[in-house]
Each structure stands twice: as C-alpha cells, then as structure tokens.
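Working notes, beginning with the structure itself.
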Amino acid sequence: MPPVYRIRSGSGRRSNPLTLRRFRTKMPPMPYAPREFERRWQERWVEQGTFRSEIDPSRPKFYVLDMFPYPSGEGLHVGHPKGYVATDVFARYKRMRGFNVLHPMGWDAFGLPAEQHAVKTGQHPAVTTARNIGRYREQLQALGLSYDWTREVDTTDPGFVRWTQWIFARLFERGLAYEAEVPVNWCPKLGTVLANEEVRDGKSDIGGHPVVRLPMKQWMLRITEYADRLVDDLEQVDWPEHIKKMQRDWVGRSEGASARFALVGHEGGVDVFTTRPDTLFGATYVVLAPEHELVGRITSEEQRNAVETYVEAAGRKSDRARMIESGEKTGVFTGAYATNPVNGEPVPVWVADYVLISYGTGAIMAVPGHDERDYAFAKTFGLPIVEVVTGGDVSVQAFSGEGIAVHSGLLDGLPTDEAKTRIIDWLEEQGVGERTINYKLRDWLFSRQRYWGEPFPILHLEDGTKKLVPDDQLPVELPMIDDYAPSGDFEPPLARAREWVETTDPETGQPARREANTMPQWAGSSWYYLRFIDPHNEDALFSPDAEKYWMNVDLYVGGAEHAVLHLLYARFWHKVLYDLGLVSTVEPFQKLLNPGMIQGKSYRCFSDESDGDTKYYSPGDVRFEGEVPVHVGSGRQLSEEWVEPGDVRWNGGRPLAPSVDVELEEVIEKMSKSRGNVVNPDDVVHEYGADSMRLYEMFMGPLDRAVPWSVDGIPGVHRFLARVYRLYTDEDPDGVDAPRKHAEGDGTDGQRRLLAKTIDKVTRDFESFDLNTAISQLMVFARDIEKDGPMPASIAQPFLLLLSPLAPHLCEELWQRQGHTESLAYETWPEADADLLVDDEVEIAVQVQGKVRAKIRVPADADEEAVLAAAMAVDNVQKHAGDGKPRRVIYVPGRLLNIVV
RNA sequence: GCCGGAGUGGCGGAACUGGUAUACGCGCGCGACUCAAAAUCGCGUGGCCCUAGGUCAUGUGGGUUCGAGUCCCACCUCCGGCACCA
C-alpha cells in the first residue's frame, strides 16, 4: 500500500532544501561579488603567513582560544562558527590594537563515532579521522578565520599522544593515578565504562543508552586531592558566574562534623557525617547504606533475613530506578542499637537506600525533626521525631532552617552557628568526633574499554606490579587490529591484540603485559591549549620560554556543555603541571565566554498505526503521559513523526504536513541529524559569501544567547556589505568596477562626527563582545555618511579598518583597491576624536508629570532655567502644566526636563 | 523540588549607573528609477481614537519614585543545570 504522503521519522537525512530555494529568488546580480575575491584572500593569508605568531617580548601577547572541535563525519553546521567568528573578530581587533595574538586551532580527534564507524565498516578510525579533519579545516578556512595554521594540533597524532602519555606518567609517579576495583557505570551498548560526568539520568550522555552499575578494576585519577583548589581558585578567573557555580556544585564541598555513635553490644561504632552537628540531640536513629560494611556484622538473627533480602534488592536496583522512586522511603531495622554520643540514648540502626555509600561515611545520623528525608523515613516507619531547633512546627513537617537550639543540653539557647561550633568543640574534647569537610566530587574514572584512545604507558609485570614505559620510549602507539567491536565480556578490543599486549620490560627483559584499556577523550583536551604555544617541540611538552610568554589563555570560548567536564579536568591537569613547576599560572583560562547555541527548527506531528491504517494527529489532539504521547480521544499511545523543514507546507503562516491537512508543531531545539534540522554553513557561504555569513551570525543577537537559525536576515547584512562596496567603487560605463577616488579634505562636520561616534561605539562594543550593536552602528554609518556630501578619503580609510574584523575579505579587497599593498590586519585601530563626540546642541524631552509632552533642542550646556523657559514656551507643555508655578522641576542635563505641578 | 537565565512590535533584537521604549536588521506598505521586472535608492511602519493631539503598550498583579523594560514583593511561562550528597 502506498503511503498517504511522505513523512519521515527519526534518522536518515539529506541537506535542507528549504534554505537554498529562498536564496535563489532573492539573490541579485550585484557588483558586490564576494565569490570573486574571498577565496583569493584566504589563500593569500595562508601563503603569506599573515597570521603566524612568534614570541616577541617587545609586544604584549594575547592568547585567544576556541574549544577545539571533534571532527565528526557530518562536518560543521551553522552553530559551530558562532563562537569561532566571535573569537576571530576579537583576535583581529586585538592585532590592530598592537597585541601579539596567538589564535590557533586543532582537533580533539579521539572519540567514539570514529570507532563506531570502524566497527561497522572495518575502516581504521585514523582514516576517517584524517578525512574528517580535512573537511573541517576547509570549512573553517572558507570562513576566513585568522588561525595560525602552522600550530594545528591533533590529539591522535603520535607526536601529541607522546606528551599526553608523558603527563599521565607524571600523574602516576605522584600517586595521582591508581587502579582500583570500583563500582562503575558500564554501558553494554557502548561496550565501555563511563565517568560519572558522562552519565545523565542513568543513561549515557552519548547516545542515551542504559548504564548499569558494576564493580570493575579501573584506572582512577585522584582529582579529589585538588578539590579545594578547584573551588578556591575560581575566585581568580573571569568566568560567567553560572559556570563557576556549576563547578562549585559539582565539587560540592560541605563543611560539618563527623561523629561516632558507639554500638550497643558490638565492638566499635558507626561514624556519621553531618553538616548540622547542632542537631545531634535530635538524632533518633542511625541509617547505614545497604553496601555499608557494618551491615553484615551487626544485624541481629531475627532481622537477618529481612536485611539480606533488602540489601540484595537494593543492589540490583539501578540508579535510574532509585531516582524514580526517590521520595518513597524504604528500609529495614537491623536489630542493632547505637548510642547517641551527646546524651547516651540508645538509637536503632536501620539500613536504607536513601543513604549513599559513596558520600561521606556511608552512614548518617537521622534527625527527622530537621531533615526532610529523615522526616519522611521516620513517618513511614513510626520513628520518634524531636524538635531541637526552633522556627518550624515539626508536627507538620521538618524544619531545616536555622534557629535557636532547644532540648539540646549544653546547646540550649544558642543560635545555629554558635551551636555548631560549640558541639564540634565538645565532640573533639570527648574524642567522639571532629570537624570534617566532605565533597561530592569523586575521583575521575580514567579508563575506557575502547580502541580509539591513548594507550596507557603502563606495563603489568608477572609479579603483579605495575611500571611505566620509560619516557624515551613514548609514545606507546596503538596496534593495528581488525576487529574494533566490544567483546561483550568487559575486555577492551586491545586485549585481543596479543602481540602488542605481550611484551617485555625494556629494563629487565622480563615478560610484561601492556595495559589494554585506553584513556578517555578528555585526556587530550585537558592540555591541548599548552601544546599550541610550542606545537613542534620534540624535547618537551613546550619550552619554558613559550610558557612564560604565552600563558595563560586570555580568552577561551566554547559551549556551556563543557562546564563541568572538560573545564574541570583541564584545570586539574593544569594544577598538577603547576605543582611540577611546568606552568607558572595557577589557572589555565582567564576569561571564559559561552556562545549560545544556534538551534534548528523542526516540525512534528504524531501517528497511530495500531489499526494498520496510519492516522496522523496534530499536537492539539495529543497529551503527554510522562514522556509518552497519547491521543486525547482514544487514549492510544502515539509515536512522534518528524517532517523535514523543506517538506513543510505553509498555509497562512501555519505549518502543515506535506499532503494531508495535519497541522504541525514547530519545535526549536539543538541541531541534530535525527531531526533533520541541521544547516550547513557551506550553502550560506556559497550564496552570500563568508563575510555575510560572519556578519549575520554576529548580528543575530547577543553572543551568549541561544537563537533559532533562520535565513531571513541574511539579505539584510549582505545588502549592507554591498552598500559598503559601492561606497568604495565607481561603476564604470563598461560595467567594470573601478576603485573610487575619494575626495581630499576632512569632510563635513556631520561626517566627522559620525565617524567619531562610530569609532567610539564599535570600539566599546568590541571590548564587551556586543558585536550585534557594533554592526548596527556600522550600518548607520554606511546609511548616513553620504547624506550631506561625498565621503572623503580621510573618513573612508578608518571606516574600512573598523569593519575589517567582521568582514575581513571585503575590507582587504577594498583596502588593496585603494592602493595599499600590505594587508590591513596590522594597521593601527582608529581612535575617536573626543571633541567630536560631544554635540553642541541636544534634544531634550520635556515631561509634565512624567509624561513626554514635547521635545526641544537646546545648547548642550544650557542651564535648567534656560531649558525650563524654552519648555514653557511650547504650547503643549503650557496646556498640560497649566498656569501655576511648577511644584518641582527635575532636570537631567542632555536628557530631559520633568515638570511636576 | 532546588539553583541559575530569559520573557520588549508580525519576526531577530536595542535601550549607558532609574531618565525621550521599540536603535539596527527582517517583513510589510508607498514612492523614485525602468518600456517592464529585478536590483538599487527614498519615505513610512506598536495598538486604538477622525486629526492637532490623546490614550494604552516591555509575561501577569501589586509596590517604591517626579519618572520603572530597568529597583522591590507575589505569581505565570520558557530554557539550562542539579536532583535522596546528610
């Protein structure tokens, strides 16, 4: 049976036809033809080494860095360039301000997609990676980005891998890398373990596959040792506050106390961690995590069955299941009692899965009166609730705020802060507790069961010891293998490369086995910014001179999705290198900016195929039960159907499905292959030129805000550039463009003022990354500069310089046609004449009772009296102000006059 | 649930430390040029009232102020992050 109409769901895509259709009808034959010269300039910049940077102590340096991309098979989409263009504009601007700018680009090229492609096709990941890199490089170059391509780095290059392994060796020597049997996030679908940071809601960050917890032997990095510094040093960097906060929350430092509850009838006791030691007198029971080692020892005979059953069930539950159930408290009494150290009261010891083994001591003192979770648990199991802090009503709910201590012996009458200090002192005196700091941050799980990653420079000797491959034998390169698939038995693919794995210790000649796990993708990106400063150094990571001159990164731009992964890892490695004396800055990235996403628009409806005959429904007929779409009428479960933007039928501004009258829902979200909403920048560059593309992305709105991609505004910026082109071009009768010979002289007063204002505005906006408003000022200039006469050369030249960071190809071209032989990339940035920025005459708004009734022009230096007189002379002001004396007059010089009657 | 961020014309957005809301661009309308069209250029363009002018408009409702998009309180919606971390 033929389908009712073509509609697609899920994956499988081709390029978006909608974009091109619209361009073609609007694209004019126009003298401004960027295609004729943009490529020429791109080639010239590379050939002449225009953007090569070398250490030059006579000039201040500026290091502008983009987060380097993973070169995927799809190539760039229009979202990528947003950050790259912004940094490029800034780099070009800084060069013109006399800075020696370092602006490199490279590839974060290890990673799962290339490996999965290899599993499917058998093609070596290095081959696809090289091809993808070539494509990315071309796409970036087509945008005219001013990278120093001689510094390009590739994390998969043996010359780079060597130093990644070298850093690992230093971590190992310092005891910061170790192997441990830990419960890990195993993803069966991906065939590898994942770091905590790579798992969301019990699913893998990449691909959204289920993840299970399993104990496995893995490499760990002791990032927790740096927890305090990772929090404290955030003070020193100029980052968006929300990113700093995410990092602080991720490290999760909390200050409190540990206290020991002695066990009744057993040796030893239970250590608990609490941030509210002031509520110790309200602790009416103790809870152990199911995995806690005491559970087996202290459970009474009567309770043993129940406890074992519970512990086993809890162990089987995935984190996802535990999360969904959070709120409903479950648990079992162990039959044992512990003694509250502050009042000697016996309290029951329970086991419950709301206590996590991985945090603190894996055991808590429960204070149901002042902790919501404990309260819910106590209510469920009928445990006593005692109020020990005033301020709430514990018969209704837990009160977790601060207040005055009551029913608390020596703490009675003390406010929370003082009570905390007092009780900790007391615990320490009695030897039953102490001041303690805890972190949410766990050590970094650093090994992966994959092929396409850096091998560990580790040898396992027969006696079970581990040793490093000597530095002079690095890098340990990946062996060629022919099967990249995960084995399904937790073994990494490298374990099957027997000839590679079985080797000898180069120092003793004894048999040894190579480590078969590989490093995660985060390894290379944790230090690549340091390699850029001296990328070809074969004797060291980088030379001390280069480090001293170039570090740290002055401006780092990249997606907020890396707030806690890459940025935390890189800071950690940097601090280790700092401790080794290799880098001189405490932090790697001084200023951080996060460009907002460019989103795609996609269209969906819902389908019901349960009758065999497919029916389609608009979003209006659908409601959601959790994440499942259900038809409002029949209650039947539906599935989502996505329509390509190019196939949408527009009817009175409403999107309809291609051949059936079903209204579609427009969904704005991250561009992704599966939605068919990816737009390739090549199409835009081809139709309008790189300068238009650059300008448009910067003009769409503030850098840090997410915006849906739309082609509608591109003709506007293109027209602006065409207008600029015409300002510098005479149309020859033969149809050949000739450079325009601009007039001598300074131009009119209005022209000089307009230039000064434009210089001032553009400069300030560049400094604060408000590129959209800088562009609007440049547009105003181009619109108005010839309103009262032809533009003289003295104004034409500085304007080209102002525009050049944004539209470098056009400006270089016009600069050259004006007779210059050198690139304008290093011309001095124009300076505004301060005298011209102040107007002689200003427009003042005249308000009566705060409402604007007239606008008058007065000399800029007019005093209040004069302005008031001028204002009262206006009929409409008279009318509203009446005859009486104004009760009050507010005068804001240069802005407004408000008359209150 | 908690923590951030954001809600301004038909659309993307602008508005310095409380001081003329809607810059700039898109779209739309009108005009010039043209045999004509395209392109280009110029003018207009928040709603309502017939105009001079008035009036209402920055998510909603209050408040502070001579004056609020901007500050305060309460709420709604969207986006992002975290989510039993004791």
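All of these numbers come straight from a predicted model, not from anything done at the bench. Below, chain A is the first sequence line, B the second, and so on; all start at residue 1.
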Taking atom [atom1] in both [N] and [M], what distance in whole Å separates the two?
| N | M | atom1 | value |
| --- | --- | --- | --- |
| B:A39 | B:A57 | C1' | 38 Å |
| B:G27 | B:G10 | C1' | 8 Å |
| B:G59 | B:G54 | C1' | 27 Å |
| B:G69 | B:U22 | P | 12 Å |
| B:U8 | B:U70 | C1' | 12 Å |
| B:C75 | B:G81 | C1' | 23 Å |

[X] side-chain proximity, nearest of [options]:
| X | options | value |
| --- | --- | --- |
| A:F699 | B:G25, B:C43, B:G19 | B:G25 |
| A:V707 | B:G13, B:G54, B:A86 | B:G13 |
| A:N772 | B:G25, B:A86, B:G13 | B:G13 |
| A:K245 | B:U20, B:C3, B:A86 | B:C3 |
| A:A845 | B:C66, B:U20, B:A86 | B:U20 |

Which class fits the ring pair [X] and [Y]: parallel under 30°, tilted 30 to 60°, perpendicular over 60°?
| X | Y | result |
| --- | --- | --- |
| A:F381 | A:W350 | tilted |
| A:Y32 | A:Y725 | tilted |
| A:F799 | A:F781 | parallel |

When all nucleic acid strands are considered with a 4.0 Å heavy-atom cut-off, which category describes [X]: base, sugar-phosphate, or nothing?
| X | result |
| --- | --- |
| A:E843 | base |
| A:E241 | nothing |
| A:R853 | sugar-phosphate |

Can you see if the side chain of A:R705 gets near the phosphate of B:G5 - specifically, an N or O under 4.0 Å from OP1 or OP2?
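For A:R705, the contact criterion (side-chain N or O under 4.0 Å from OP1 or OP2 of B:G5) is not met.
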
Would you tell me if any nitrogen or oxygen in the side chain of A:H370 comes within less than 4.0 Å of OP1 or OP2 on B:A86?
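For B:A86, neither OP1 nor OP2 has a side-chain N or O of A:H370 closer than 4.0 Å.
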
Looking at A:W709 versus A:Y696, is the centre-to-centre ring distance below 6.0 Å?
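That pair passes the under 6.0 Å test.
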
Chi-angle category of B:G46 [syn within 90° of 0, anti beyond]
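Classified anti.
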
Position toward the 5' end of RNA chain B (nearest nucleotide), A:G713 or A:K761
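Its nearest nucleotide being more 5', the pick is A:K761.
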
Go nucleotide by nucleotide along RNA chain B from the 5' end; which of A:G252 and A:Q599 gets its closest nucleotide reached first?
A:Q599

